[in-house]
Protein chains: 2
Amino acid sequence: MTPTTNFTHDPKRESWVAAANSPVCDFPLQNLPYGAFRGGGPNTPRLGVAIGDRVLDLCAAADAGLLPPEVSRPCREPSLNALLALGAPAWRTLRATLSTLLGADTCPSGASRERVAACLVPLAEATMLLPSQIGGYTDFYASIHHATRVGALFRPENPLLPNYKWVPIGYHGRTSSIVPSGTPVRRPHGQTRGGADDPVFGPCRQLDYELELGALVGPGNRQGERLAASDAAAQLFGVVLLNDWSARDLQAWEYQPLGPFLAKNFATSISPWVVTLEALAPFRVAPPPRPAGDPAPLPHLADAGDAAAGALDLQLEVCLQTERMRAAGGPPHRVSLGNFQSMYWTLAQLLTHHASNGCNLEPGDLLGSGTVSGPTADSAGCLLELTARGARPLALPNGESRAFLEDGDEVILRGWAERPGVRRIGLGECRGRILPSA
Amino acid sequence: MTPTTNFTHDPKRESWVAAANSPVCDFPLQNLPYGAFRGGGPNTPRLGVAIGDRVLDLCAAADAGLLPPEVSRPCREPSLNALLALGAPAWRTLRATLSTLLGADTCPSGASRERVAACLVPLAEATMLLPSQIGGYTDFYASIHHATRVGALFRPENPLLPNYKWVPIGYHGRTSSIVPSGTPVRRPHGQTRGGADDPVFGPCRQLDYELELGALVGPGNRQGERLAASDAAAQLFGVVLLNDWSARDLQAWEYQPLGPFLAKNFATSISPWVVTLEALAPFRVAPPPRPAGDPAPLPHLADAGDAAAGALDLQLEVCLQTERMRAAGGPPHRVSLGNFQSMYWTLAQLLTHHASNGCNLEPGDLLGSGTVSGPTADSAGCLLELTARGARPLALPNGESRAFLEDGDEVILRGWAERPGVRRIGLGECRGRILPSA
């Protein structure tokens with residue numbers, strides 16, 4: 001697979017927004033992620049692009065005549081849906097324009113740079129919102145390492161079911177309870193049963209996070225029509241970090257035969273900045289070969305090998321900050337580090353599978369990857385795996401331990417891509433703190 | 001349980017819209033169901049109320065000053081969401097107004113009746129749309145007869161799982177593919193596996209319907225807060241017929257461990273007229289007592305016994321019309337007749353359970369009951385049960401037989417409530433014809 005590169009990826013280019021040029025900044029000129037925000041002047045919701053420690057207000061930029069005519073109207077909307085519906089050619093045009101406007105080399109100081117600078121808002125003044133109106137949210141289960149470890153805990157006799165290597169397993173999630181990073185998450189109540197006693201209703205005692213990547217869908221397909229794996233480049237806009245909060249005690253009791261429901265739908269957090277697949281193009285890699293003996297994907301799921309397919313070399317970490325750590329002024333503690341390359345199914349395969357029965361996908365739909373867990377113990381993307389369902393609590397450096405999440409714990413997901421000769425880009429953060437049950 | 005009755009239920013009252021007074025009309029003065037339509041003058045989507053063979057255009061009625069001020073703005077919207085958000089007091093006010101405007105006794109002939117008549121559109125000229133923008137669709141599994149029979153087919157060793165009598169089992173459905181009655185349904189493709197051979201991808205060979213009732217949610221709850229069973233009267237607006245089209249061969253292969261996905265999300269059909277729980281009040285009955293030995297519901301799920309809780313005495317039938325029947329000019333053939341009273345969980349319990357973890361429900365959300373199957377063989381609400389997964393095909397009166405649906409088959413769901421001394425009301429129809437796979 002040859003990574004798509006053009007001047008928007010050129011690692012030598014810098015932005016005239018100085019903070020963007022720091023080597024540890026998630027949002028350099030080569031990234032240009034999209035989000036929705038309010039604040040920094042008008043308090044109305046509008047779209048923006050992150051650059052260093054600033055947000056380029058797309059509504060202001062459109063009003064100032066800085067954007068191509070064909071994207072100006074969607075850029076004035078309060079969420080990404082209209083831009084997503086336009087499709088890949090418009091996305092490419094807009095990215096090239098933004099890269100030009102924000103590049104030190106392409107936008108010389110003086111009047112033209114001043115016009116762009118007038119559209120910048122300090123990131124610190126922006127309250128981030130959900131990037132799109134999410135009509136449909138589907139959560140997959142694309143890590144075979146996660147599926148195998150979790151399967152072993154819930155079905156020791158039968159950890160990996162026979163369909164796993166053939167069908168990208170997924171289920172519908174709840175859209176109403178998707179919240180942007182920073183929104184506190186209240187510990188849910190639910191029905192649980194331990195052993196032979198009658199079930200009880202009360203606060204969840206096995207609250208967990210799941211580290212996932214979420215992908216936003218572009219134009220979509222009409223009901224009754226399918227998508228080809230080769231459509232992925234035109235259909236997938238970008239990715240966010242996703243925390244699929246999970247109540248394991250509720251899940252164990254409710255999930256058969258129709259799947260998780262109340263164990264998941266109380267809250268799902270996503271990071272606010274959508275990093276485009278175009279920005280991630282230099283980090284596309286061939287999916288790892290399937291182990292010997294595994295079946296090849298059926299033809300309609302075969303990876304087309306085009307620019308948007310393949311795996312992504314994306315580092316993903318989970319950090320935990322307890323109430324006591326915070327009180328002591330200590331930093332969050334990294335509990336795991338994984339890589340999105342380890343997934344069994346690619347985003348293109350998830351998309352193709354979803355539409356393979358004619359189910360219509362729509363602009364702004366969110367596809368969750370499922371927990372990103374690698375083959376090693378320290379790359380597991382949830383406490384259920386890391387602690388073997390609480391049997392081996394995690395020791396934290398301040399002497400605390402965790403079997404599952406406690407009230408006041410904050411979970412911080414981070415993601416970034418780096419590679420020699422390419423500018424590092426980041427996904428930002430997805431944070432959520434647990435509030436006590438009410 | 002004492003049924004709520006007031007003048008809007010008085011069986012002696014007639015409408016000045018003559019067709020509404022026929023004893024077989026689904027939409028008499030005592031019903032007044034809400035829907036969204038276009039046509040009959042302006043082609044814009046707007047709300048209406050069915051009366052006999054007419055639709056009262058609510059936008060026109062609001063513009064004419066016929067409606068109470070507090071509901072006039074929501075009645076000018078193209079879908080029910082704003083009216084649903086207003087809550088039960090506003091719903092009662094509007095129903096009483098409509099009953100007054102359309103009653104022969106309360107709206108005498110002359111100028112005032114002429115003003116109302118000017119807002120009527122022939123039902124035959126209305127193209128019905130989805131009644132609300134459905135942000136969330138959840139499908140339950142509330143018939144113990146269905147769960148037991150289906151469980152026996154998929155898990156002969158373990159038909160009814162231990163959680164069934166404690167947890168109202170449900171899962172999230174797909175909203176984008178919900179279509180109004182009359183929309184053709186294309187036979188989906190999918191992955192299936194029979195026996196030891198590798199799975200194949202192709203047109204579904206076990207296409208089925210599921211007879212369900214759908215309930216539309218009113219104001220809803222905030223994320224992190226729960227609803228009480230006694231909130232049901234304020235939270236549930238009304239019901240529609242729902243056909244949860246199901247690809248049984250896809251379902252058998254994909255559904256473990258996370259539940260049905262592509263087997264269901266290619267299409268869901270609903271009837272366009274929302275019959276309010278207020279109109280159904282005279283048909284509320286106490287839920288049948290749980291069999292001896294069954295556990296009582298946990299306290300938070302205990303039926304509050306208030307006006308909107310309890311079971312509904314609602315007859316539900318499924319008719320099938322094949323291509324050959326249609327060509328011969330023959331009528332559809334009834335394949336089953338059931339009653340919504342037979343459900344193990346009430347609508348109030350489904351609603352309360354859904355919000356019991358703090359999951360936020362929103363105006364316009366749709367709750368599907370799950371297949372309505374009664375205890376007898378002829379009251380089973382899907383072919384999977386009626387034919388024992390195709391093992392005993394259904395003999396049709398014209399000599400054809402059906403194990404599952406064939407291309408050209410039309411499935412027609414109907415529902416009605418009747419009871420001595422009360423005016424019969426109907427839900428109308430939910431129709432869908434199968435198109436060949438493409």
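Order of the sequence lines sets the chain letters (A, B, ...), proteins ahead of strands, with each chain counted from 1. Here the structure is a predicted model, which means the values were calculated and not measured.
Neither the backbone nor the side chain of R187(B) comes within less than 4.5 Å of any heavy atom of chain A. Within the 4.5 angstrom heavy-atom criterion, atoms from both the backbone and the side chain of F266(B) approach chain A. Heavy-atom distances place no part of I134(A) under 4.5 Å from chain B, backbone and side chain included. Residue contact with chain B, scored on non-hydrogen atoms closer than 4.5 Å, involves the side chain of D365(A) exclusively. Contacts of L262(B) with chain A are made by both backbone and side-chain atoms, with heavy-atom separations under 4.5 Å. In this structure, no portion of A147(B) lies under 4.5 Å from any heavy atom of chain A. There is no contact between S437(A) and chain B, counting heavy-atom distances below 4.5 Å.
Taking each heavy atom of Q256(B) and N163(A) in turn, the nearest pair found is O-ND2, 2.9 Å. Contact record, Q223(A) with V179(B): OE1-CG1, 3.4 Å, taken as the closest heavy-atom pair. The minimum heavy-atom distance linking F201(B) with S356(A) is given by the pair CZ-O, 3.6 Å.
Taking G151(A), G173(A), A263(A), A355(A) one by one and counting their heavy-atom pairs under 4.5 Å with chain B, the maximum is reached by G173(A). Per-residue heavy-atom pair counts under 4.5 Å with chain B were compared for G259(A), P199(A), P188(A), G224(A), and the maximum is reached by P199(A). Per-residue heavy-atom pair counts under 4.5 Å with chain B were compared for R186(A), H353(A), R155(A), and the maximum is reached by H353(A). Between chain A and the options G190(B), P260(B), G220(B), the largest number of non-hydrogen pairs under 4.5 Å is found for P260(B). The candidate with the highest count of non-hydrogen atom pairs below 4.5 Å against chain A, out of L361(B), V200(B), T175(B), is L361(B). Counting heavy-atom pairs under 4.5 Å between each of Q133(A), E362(A), H300(A), E254(A) and chain B puts H300(A) at the top.
For the pair P257(A)/I169(B), a side-chain contact is recorded, criterion being any heavy-atom separation below 4.5 Å from C-beta on. When side chains are defined from C-beta on, Q191(B) counts as touching L301(A), because their heavy atoms get closer than 4.5 Å. You'll find the side chain of P295(B) stays beyond 4.5 Å of the side chain of D198(A), heavy atoms only. The shortest distance between side-chain heavy atoms of H354(B) and N265(A) falls below 4.5 Å.
Atoms CG and CG, from N357(A) and L250(B) in turn, are 7.0 Å apart once rounded to the nearest 0.5 Å. Separation of atoms CG (N360(A)) and CZ (R174(B)) is listed at 6.5 Å; rounding is to 0.5 Å. Atom NE2 of H172(B) and atom OG of S176(A) lie 7.5 Å apart (nearest 0.5 Å). From W253(B), atom CH2 reaches atom CG of L161(A) across 9.5 Å, with rounding to the nearest 0.5 Å.
In terms of modelled atom types and a separation under 3.5 Å, the side chain of R226(B) and the main chain of A438(A) share a donor-acceptor contact.
More than 12 non-hydrogen atoms from other residues, nucleotides or ligands lie less than 6.0 angstrom from CZ of R193(A).
Between F140(A) and F261(B), the ring planes are perpendicular. Angles over 60° get that label, and only those under 30° would be called parallel.
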